[in-house]
Novice: 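I have a structure here, written as structure tokens, and I will follow up with some questions on it.
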Amino acid sequence: MDAPVANLGSPRVRFAPSPTGFFHVGSARTALFNWLFARQSGGTFVLRIEDTDKERGREEWVDGIVSALSWLGLDADEGPYRQSERQDVYENAIDRLWSGGFLYACACSREEVMERTRSNATPGYDGHCAELGLAREGHALRFRVPEQGTTVVLDVVRGDVEFPHASIEDFVVAKSTGEPLFVLANVVDDVDMGISHVIRGEDLLPSTPKGILLWRALLGEDAQLPCFAHLPMLVNERRQKLSKRRDPVALESYRDRGYLPEAMVNYLALLGWSHPSGREVMPVEELVARFRLEDVNRSPAFFDVAKLTHMNAEHLRAMGDDAFASACRPWLEPPKAPWPPERFEEKVFRRMVPLVRERVATLDEVPAMVDFLFLAEPLRDEDAWRAVLAEQLAPAVLRAAIALYGSCEWSAQALHEATAALAVELGSKLSKAQAPIRVALTGRRVGPPLFESMELLGREATLSRLEAALAAALRVLPGDADKLPGGADEVLPAGGSMPPGGASQAAG
RNA sequence: GGCCCCAUCGUCUAGUGGCCUAGGACACGACCCUCUCAAGGUCGAGACACGGGUUCGAAUCCCGUUGGGGCUGCCA
């Protein structure tokens, strides 16, 4: 091991996940706070994979960590280092601890340890093997915790936390195979990598005094310890620590559901920290500028998807057309999009961008906003379709619309005016009259502004969809004009002119 | 059980002894705007866990209680 690196110069922090599953939003928050601190202090952000347990780590999980950090934009300055490649460093540390008399070999089986723990008044393992003088080889190695005294954790967010040594058992630092355990490898690496600030979840607070004991055993009683900051836990609605088993915590799933990395970062930053001005929606640069470790609070925070969703909508609305369009990319082709790729028209979509952007909270809502433009027939929301077309006014509106749209100027404004006039003619409000037209064209009762949509859809598709809807409306209203042997073409109003069947005006 | 942490609206939080009849945001409700839906605007309901201290004065400091959580592995 190299000489100790004191807390001089710029800070060095590390994010040290273990690759035991998909990437967790709680891990993302820890990584973010480390990264923010490093960036705002001009420090170094180190990525270290804690894969000392060979039976659990999997390469794909390491890839998951790296890609998740990359998606969030939390770039590491060093690493990833892997503990699995640093065995010699730990063995060397164990040698030194052994020869320094800090360790003893323990031959107790798991069952024996459990019995001793249960029957003994002192917490944890009772130190049974401490004075047996067993050989080092083939045995687990335990750290000899002093019986007297207290170890104090100096924590930036929690203040000084005291742990009486009497409450700390003689913990295992190396397996009987010689492999190091987390608490040892973690400290050895922090020392070796010159880590100045340990920023991690509060669940690690109870193991911190053990780490400090090791740190001092390795470097001496007056060793320069890192500055600790234990972040409040992220909890579920039942106020329990977020769990991979029961809670939706996979970062990837949020990405796949159309959440923006900048929204995720913004939201995560607000869990346990707040901007001094109270501002909530802000770019990452602002987070970097204002983040202070000392301002992190102490109480657990519920990961609230509803608020994340709101944050996402805010970030979406703040995006430029190009950025929004490119963020939409994955949602504009199968399997996320329901239309055949060859029918998609970039120009048409780009015209829709400003209308869509302010109506979606997540990107996976985008396809449903525009699918009617790229599908031969709109996808029908059957409930909406039936309900709207069953209105008494529907056939008249559709007939009049067909007549009007056959000849009017094909622009959103002209269509708006024509439809408004139609409503007046029928003694209806425009808001009511537009409903059957909307459902005829888009299959849904809600969606982007109707007249802009119509302009892009084009006269031909508009008219044929209106006619199909009229036919359907007459079927559900038998009293109106029963029996339509010839289909929609025969129900055009007498005074209406035939549609010229012009070519699509879409995206002209 | 032991050790440790935490405690302001349903949720995230502001608040560091008087500026608090406790502020903001999300969610919720009403209204306005409006071609639907959003967005936006206005308004509304909604919290200092409890009990003792200290103090002229406490959400803020101290003690206790209660509640919640974490840790307690030859996992990390």
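In what follows, chains carry the letters A, B, and so on, assigned in the order in which the sequence lines appear, proteins first and then strands, with residues in each chain numbered from 1.
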Novice: N/O contacts under 3.5 Å, protein versus nucleotides 61-66 of chain B?
Specialist:
none

Novice: Within the structure shown, what part of the strands sits under 4.0 Å from A/Gly278 by heavy-atom distance: base, sugar-phosphate, or nothing?
Specialist: nothing

Novice: Just by modelled atom types, is the A/Val439 backbone N or O under 3.5 Å from a matching donor or acceptor in the A/Arg445 side chain?
Specialist: no

Novice: Regarding A/Phe163, tell me which of base, sugar-phosphate or nothing describes its non-hydrogen contacts under 4.0 Å with the strands shown.
Specialist: sugar-phosphate

Novice: With the side chain of A/Arg359 defined as its heavy atoms from C-beta on, choose the nearest nucleotide among B/rC35, B/rC75, B/rC37.
Specialist: B/rC37

Novice: Counting side-chain heavy atoms from CB outward, which of B/rG70, B/rU11, B/rG24 is closest to A/Asp304?
Specialist: B/rU11

Novice: When you measure only distances, ignoring hydrogens and angles, does the side chain of A/Ser176 come within 3.5 Å of the base of B/rC74 through a donor and an acceptor?
Specialist: yes

Novice: Side chain of A/Arg239 only, please: which of B/rG69, B/rC12, B/rC74 is the nearest?
Specialist: B/rC12

Novice: Hey, does A/Arg298 reach any base, or is it just sugar-phosphate, or nothing, if we go heavy atoms under 4.0 Å?
Specialist: sugar-phosphate

Novice: Counting any heavy atom closer than 4.0 Å, what does A/Arg317 reach on the DNA or RNA strands: base, sugar-phosphate only, or nothing?
Specialist: sugar-phosphate

Novice: When you get a sec, tell me which of B/rU72, B/rA25, B/rU36 is the closest nucleotide to the side chain of A/Glu280?
Specialist: B/rA25

Novice: Under a plain distance cut-off of 3.5 Å, with no hydrogens placed, do A/Tyr267 and A/Asp304 share a side-chain donor-acceptor pair?
Specialist: no

Novice: Could you check which of B/rC4, B/rG70, B/rA76 has an atom nearest any side-chain atom of A/Leu205?
Specialist: B/rC4

Novice: Between A/Arg386 and A/Asp383, is there a side-chain N and carboxylate O pair less than 4.0 Å apart?
Specialist: yes

Novice: Within the 4.0 Å heavy-atom criterion, would you say A/Gly201 contacts the bases, only the backbone, or no part of the nucleic acid?
Specialist: nothing

Novice: From C-beta outward on A/Phe182, which listed nucleotide comes closest to its side chain: B/rG70, B/rA76, B/rC35?
Specialist: B/rA76

Novice: Can you tell whether the side chains of A/Arg444 and A/Asp371 come within less than 4.0 Å, N to carboxylate O?
Specialist: yes

Novice: Among the nucleotides B/rC5, B/rC35, B/rC74, which one has an atom lying closest to any side-chain atom of A/Leu181?
Specialist: B/rC74

Novice: Locate the shortest heavy-atom distance separating A/Pro378 from A/Phe372; write the atom from each residue and the value.
Specialist: CB-CB, 4.4 Å

Novice: Given B/rC4, is OP1 or OP2 found less than 4.0 Å from the side-chain N or O atoms of A/Ser167?
Specialist: no

Novice: Is a side-chain donor-acceptor pair under 3.5 Å present for A/His165 with A/Thr151?
Specialist: yes

Novice: Looking for any heavy atom pair under 4.0 Å, which part of the strands does A/Glu237 touch: base, sugar-phosphate only, or nothing?
Specialist: nothing

Novice: Heavy atoms only, 4.0 Å cut-off, all strands: where does A/Ile437 land among base, sugar-phosphate and nothing?
Specialist: nothing

Novice: Counting the atoms with a prime plus P, OP1 and OP2 as sugar-phosphate, which does A/Phe302 contact under 4.0 Å by heavy atoms, base, sugar-phosphate, or nothing?
Specialist: sugar-phosphate

Novice: Mapping A/Leu450 and A/Lys307 onto RNA chain B by nearest heavy atom, which one lands closer to the 5' end?
Specialist: A/Lys307

Novice: Base, sugar-phosphate or nothing for A/Pro276? Non-hydrogen atoms, less than 4.0 Å.
Specialist: nothing

Novice: Hey, does A/His416 reach any base, or is it just sugar-phosphate, or nothing, if we go heavy atoms under 4.0 Å?
Specialist: base

Novice: Report the nucleotide, chosen from B/rC12, B/rC71, B/rC35, that has the shortest atom-to-atom distance to any side-chain atom of A/Ala301.
Specialist: B/rC12

Novice: For the residue pair A/Thr208 / A/Arg200, report whether a side-chain donor-acceptor contact shorter than 3.5 Å exists.
Specialist: yes

Novice: Which nucleotide in the list B/rA76, B/rA14, B/rC6 gets nearest to the side chain of A/Arg158?
Specialist: B/rC6

Novice: Could you pull out every donor-acceptor pair under 3.5 Å between side chains of residues 417-431 of chain A and any protein atom, sequence neighbours left out?
Specialist:
from: A/Glu417; atom 1: OE2; to: A/Gln413; atom 2: NE2; distance (Å): 3.1
from: A/Thr419; atom 1: OG1; to: A/Tyr405; atom 2: OH; distance (Å): 2.7
from: A/Thr419; atom 1: OG1; to: A/Leu415; atom 2: O; distance (Å): 2.6

Novice: Heavy atoms under 4.0 Å, any strand shown: does A/Glu50 hit a base, just sugar-phosphate, or nothing?
Specialist: sugar-phosphate

Novice: In terms of side-chain heavy atoms of A/Gln434, which of B/rC35, B/rC6, B/rG70 is nearest?
Specialist: B/rC35

Novice: What contact category does A/Ala306 fall into here, base, sugar-phosphate, or nothing, at under 4.0 angstrom with non-hydrogen atoms?
Specialist: sugar-phosphate

Novice: Base of B/rG70, side chain of A/Gln240 - is there a donor-acceptor contact under 3.5 Å?
Specialist: no

Novice: Hey, which of A/Leu141, A/Val173, A/Val172 is the one that makes side chain to side chain contact (heavy atoms under 4.5 Å, CB included) with A/Leu181?
Specialist: A/Val172

Novice: May I ask you to say what A/Pro449 touches in the nucleic acid, namely base, sugar-phosphate or nothing, with a heavy-atom cut-off under 4.0 Å?
Specialist: base

Novice: A/Glu417 near the nucleic acid: base, sugar-phosphate alone, or nothing, with a heavy-atom cut-off under 4.0 Å?
Specialist: nothing

Novice: Please compare A/Val183 and A/Trp273 by the position of their nearest nucleotide in RNA chain B and report the one closer to 5'.
Specialist: A/Trp273

